[in-house]
Amino acid sequence: MDPIIRIQNVTKTFPGKDNQVEALKGITLDIAPGDIYGIIGMSGAGKSTLVRCLNFLERPTTGTVLIEGKDLSTLQEKELRRMRTQIAMIFQHFNLLMQKNVLDNVCFPMEIVGVKKADAVKRAKELLQIVGLEEKALSYPAQLSGGQKQRVAIARALANNPKILLCDEATSALDPTTTKAILQLLQKINQEFGITIVIITHEMRVVQEICSHVAIIDAGELAEHGTVEEVFKAPKSKAAKKLVFMTDERVEEMAGKHCIRIVFTENSSFEPVIANMVLTCKAPVNILLADTKDIGGIAHGQMILQLPEDEQTANHMIHYLQERKLTVEEVEGHV
Amino acid sequence: MSDLMVFEPVILKMLGEDILTTLYMTLASTFLGYVLGLPMGVVLVVTAKDGLRPNALVYKVMDFVINIVRSVPFLILLILVIPFTRMIVGKSYGPTATVVPLTLAAAPFIARMVESSLLEVDKGVVEAAQSMGADLWTIITKVLIGEARTSLVVGATIALGTILGYSAMAGVVGGGGLGDTAITYGYYRYETDIMLVTVLLLILLVQIMQWIASKLARKLDKRLS
């Protein structure tokens with residue numbers, strides 16, 4: 001399938017006082033229709049600049065962005081504005097009109113494209129129902145919680161039936177429970193309306209929760225990309241490993257001494273593997289990190305173990321784990 | 001001279017007319033000041049370095065003109081523009097003639113007020129409107145002015161108060177209104193009681209305007225509830 005978003009060699013340089021700041025250093029990425037594509041990176045990695053290049057809120061310094069095959073840089077001002085009605089965006093701080101009530105906020109994008117007021121109100125009410133806020137139609141943003149504000153922003157984003165929804169750190173100002181609810185709403189929107197969603201975040205859990213694909217941006221460069229499962233199971237780049245392991249300093253310190261990383265999938269989490277391994281090999285292991293993540297509805301666990309110094313026992317243990325069909329990889333040095 | 005002269009019917013009638021004259025000068029010049037100053041303020045915000053349509057030349061020219069007019073004391077400006085006033089109104093004294101220098105003094109002042117109000121609008125909301133495909137006009141009218149409306153009303157109150165003060169100053173050159181009476185009776189004829197009453201009336205006018213404006217601002221502001 002042709003990509004709905006094609007990013008080709010995009011660079012962005014901001015003029016600084018003394019020296020120029022290279023925010024993006026040649027990003028090339030395709031996003032297929034219907035994907036929920038996560039773009040993750042540490043703060044300052046350039047991900048927010050990248051997402052603004054997708055609707056030309058920032059013009060790339062070089063390179064092109066194609067939306068459904070149309071090169072944004074060739075569009076006239078008016079065509080670009082029409083294109084933007086098809087690329088909706090939600091923000092970390094919601095960016096609602098504070099002096100307008102919820103209903104008028106949702107009507108605003110329709111007002112921009114010239115939808116008749118009565119039709120706009122009707123559609124806005126439907127949208128508020130989709131996001132579960134129909135009873136708040138006449139409230140003002142100041143009267144809503146963060147999660148509710150983001151729901152209004154989502155309803156507003158859907159107003160003109162966009163093909164793409166860009167989310168710029170949309171859950172970063174929300175608590176974990178609200179984050180989860182907003183992510184579920186985004187997933188529902190993706191499934192029901194087939195809208196391609198691009199999610200910018202610095203949190204791996206957001207990507208794991210709903211994304212099908214992920215791209216890791218590190219210092220303005222694309223470090224790694226692929227399906228979330230691929231990247232999570234076998235992160236190749238340093239930046240990816242850092243995000244997947246969510247490094248805590250302790251792991252970095254001790255990882256030098258023969259450590260392995262095990263990835264569990266659902267079917268292997270019934271047997272108490274580690275306990276049995278310790279009993280079989282008659283040697284203790286040190287568990288440095290353990291957690292479970294839900295990726296695309298399948299539970300994935302990961303663990304980092306420090307094996308005994310004795311080579312033979314260590315190899316025995318690795319063999320034991322591999323026999324039980326677990327993904328085992330040595331973790332060299334720091335991650 | 002009697003302390004009670006101020007209560008003589010003829011004086012009371014004059015003061016009543018003065019109030020109306022002062023209100024006429026103040027409201028007319030504030031209105032005309034906004035006709036000129038509001039677009040100037042918008043141009044300043046839009047053409048600024050990080051504005052929606054950065055344009056260093058337009059910005060600098062506008063900025064310079066505003067600063068020049070703002071640095072001329074009103075009393076000097078009043079006299080300086082007499083030829084211009086004559087050209088427009090046909091005479092250089094009286095309430096309508098005073099509206100001309102008042103408007104000229106008010107416009108740059110209002111432009112700065114509008115500029116600072118519009119700069120208070122959250123950049124994120126402007127960005128959101130851009131991302132929806134809004135054009136410049138929609139962003140100016142619906143987002144910048146719409147979101148800054150409380151601040152604009154507060155600014156307008158300050159402008160009204162300042163222009164009211166200026167209008168009183170115009171009394172020196174026969175501008176009409178309360179200021180004129182205060183100077184004519186209080187300064188030239190030593191009738192202190194009349195001067196005090198005009199001052200009280202000026203204070204009262206400012207208070208009433210302030211009161212109406214704060215009510216309006218509170219009613220308009222949906223950010224706090």
Side-chain angles (χ1 to χ4, degrees), chain A residues 15 48 51-52 54-58 75 77-102 104-114 138-144 149 152-153 156-160 162 164-169 173, chain B residues 38 42 45-56 59 114 116-156 213-225:
Chain A
S48 278
V51 77
R52 278 166 180 71
L54 301 186
N55 59 4
F56 263 43
L57 282 178
E58 294 283 2
L75 297 182
E77 163 88 29
K78 208 174 166 187
E79 294 169 312
L80 178 62
R81 273 192 270 114
R82 196 176 312 132
M83 178 63 101
R84 279 180 182 161
T85 65
Q86 292 303 300
I87 313 170
M89 192 167 183
I90 59 173
F91 304 84
Q92 179 173 6
H93 298 296
F94 327 118
N95 298 350
L96 299 173
L97 295 160
M98 299 304 281
Q99 305 287 17
K100 280 185 186 276
N101 67 24
V102 166
D104 289 340
N105 262 288
V106 179
C107 287
F108 187 48
M110 295 185 268
E111 198 181 323
I112 289 170
V113 297
L138 299 177
S139 302
Y140 285 87
Q143 298 165 307
L144 303 179
K149 282 184 208 167
V152 177
R156 179 174 74 172
L158 296 178
N160 288 328
I164 299 168
L165 175 61
L166 307 174
C167 311
D168 183 24
E169 296 278 11
Chain B
L38 185 68
V42 169
V45 172
V46 169
T47 59
K49 213 164 155 195
D50 57 351
L52 291 159
R53 297 283 185 281
N55 187 326
Y59 181 85
V114 169
S116 91
S117 292
L118 298 188
L119 286 177
E120 279 170 32
V121 174
D122 185 358
K123 294 264 185 301
V125 183
V126 175
E127 191 182 37
Q130 283 179 296
S131 80
M132 291 172 207
D135 57 18
L136 185 62
W137 179 250
T138 309
I139 294 178
I140 290 170
T141 54
K142 296 282 159 63
V143 181
L144 289 180
I145 296 179
E147 287 291 286
R149 61 186 189 190
T150 309
S151 172
L152 287 169
V153 168
V154 172
S214 355
K215 276 256 167 188
L216 185 64
R218 213 168 313 142
K219 198 173 148 65
L220 280 177
D221 196 358
K222 305 298 184 186
R223 285 171 302 179
L224 0 127
S225 24

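Letters go in sequence order (proteins before strands), and every chain restarts at 1. Every heavy atom of this structure was used, including side-chain atoms; hydrogens, water molecules and symmetry mates were not.
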B/K222 side, atom NZ; A/Q143 side, atom CD - distance, nearest 0.5 Å: 9.0 Å
Heavy-atom contact with chain B under 4.5 Å, split by part of A/P109: both
Pairwise distance OG(B/S131) to CG(A/L57) - rounded to 0.5 angstrom: 6.0 Å
Separation of B/R223 CZ from A/Y140 OH (nearest 0.5 Å): 13.0 Å
Atom group of A/Q92 that falls short of 4.5 Å from chain B, counting heavy atoms: neither
Heavy-atom side-chain proximity of B/Q130 to A/R81 below 4.5 angstrom: no
Derivation and outcome, salt bridge (charged side-chain N to carboxylate O under 4.0 Å, His left out), residues B/E127 and A/R84: CA-CA 12 Å; B/E127 191 182 37; A/R84 279 180 182 161; over 6 Å; no
Nearest-0.5 Å distance that lies between atom OG1 in B/T138 and atom CZ in A/F108: 6.5 Å
Gap between atom CE of B/M132 and atom CG of A/N55 - 0.5 Å precision: 11.5 Å
A/L166 portion near chain B, given a 4.5 angstrom heavy-atom threshold: neither
Contact origin within A/Q86 toward chain B - heavy atom pairs under 4.5 Å: neither
Close side-chain approach of B/D122 and A/N95, heavy atoms under 4.5 Å: yes
Straight-line distance of B/E147 CD to A/Q99 CD, nearest 0.5 Å: 5.5 Å
For the student: nearest non-hydrogen atoms of B/A134 and A/I112, plus distance: CB-CD1, 3.5 Å
Candidate pair B/V125 and A/L96, rule side-chain contact (heavy atoms from CB on, under 4.5 Å), full reasoning: CA-CA 6 Å; B/V125 183; A/L96 299 173; over 6 Å; no
Closest contact, heavy atoms only, A/R156 versus B/A128: NH2-CB, 3.7 Å
